[in-house]
Amino acid sequence: MSSVERPTAPIFGVDETKDLKVFYHNVAYKTNRVVINLEKMKILKDRLGECVRKEGVNYIDKCEQLTKRYEAAVRVCQWNSGTHSRPRNIGNILEKEKEIQAQLKAEGALAA
């Protein structure tokens with residue numbers, strides 16, 4: 001075991017760009033949460049596979065709770081940042097924003 005304690009909660013309300021200690025604390029917290037949830041996801045995946053093999057044809061009804069827990073674990077494990085993140089495009093917000101920006105450029109209201 002290392003002598004460094006894991007962060008139990010992130011620090012909010014402080015500008016991370018100005019305080020590196022807060023930045024590294026929040027990164028360590030997020031990394032620890034992702035690692036823990038990855039292990040949970042592995043365990044749930046194994047349990048789900050066993051349930052599907054055991055239940056056979058009725059696995060959709062019998063393994064529904066495990067499926068929901070596995071899906072939730074997968075959602076938690078996503079970083080939601082960086083180059084590999086999937087943009088959230090609820091209600092085609094991103095396309096609408098691009099159309100508005102193009103319209104403003106055409107009108108000359110937006111600098112290039």
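Reckoned from all heavy atoms, side chains included, excluding hydrogens, waters and symmetry mates.
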* Under the side-chain hydrogen bond (donor to acceptor under 3.5 Å, both in side chains) rule, collect the residues that match up with Asp15, sequence neighbours excluded. =>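 Residues passing side-chain hydrogen bond (donor to acceptor under 3.5 Å, both in side chains) with Asp15: Thr17.
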* Listed once per pair and sorted, the disulfide (SG to SG under 2.5 Å) pairs that draw on residues 14-44, sequence neighbours left out ->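 Sorted pair list comes back empty.
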* Asked: Which disulfide (SG to SG under 2.5 Å) pairs, counting each pair once, include a residue from residues 23-57, with sequence neighbours left out?
  ->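 Listed once each, the pairs are Cys51-Cys63.
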Could you tabulate the donor-acceptor pairs under 3.5 Å formed by side-chain atoms of residues 34-46, not counting sequence neighbours?
{"from": "Asn37", "atom 1": "ND2", "to": "Arg33", "atom 2": "O", "distance (Å)": "3.0"}
{"from": "Glu39", "atom 1": "OE2", "to": "Lys42", "atom 2": "NZ", "distance (Å)": "3.4"}

* Is Leu48 reachable from Val74 through a run of hydrophobic residues whose side-chain heavy atoms are each under 4.5 Å from the next? ->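 Same hydrophobic cluster.
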* Within one Ile-Leu-Val-Met-Phe-Trp-Tyr cluster: Tyr70 and Leu66, side-chain cutoff 4.5 Å ->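 Hydrophobic grouping puts Tyr70 with Leu66.
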* To do: Give a yes or no on whether the backbone of Leu20 and the side-chain of His25 come within a donor-acceptor separation of less than 3.5 Å.
  =>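 Between the backbone of Leu20 and the side chain of His25 there is no qualifying donor-acceptor contact (under 3.5 Å).
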* Asked: Counting only heavy atoms not in Tyr59, do more than 12 fall under 6.0 Å of its OH?
  ->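 Not more than 12 within 6.0 Å, no.
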* Scan residues 50-61 for pairs that pass salt bridge (Lys or Arg N to Asp or Glu O under 4.0 Å), counting only residues two or more places apart or in two chains. =>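 Checked against salt bridge (Lys or Arg N to Asp or Glu O under 4.0 Å) - neighbours excluded - no pair reaches residues 50-61.
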* Mind checking who shares a hydrophobic cluster with Ile11, ILVMFWY linked at side-chain heavy-atom distances under 4.5 Å? ->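 Result for Ile11 is Val14, Val22.
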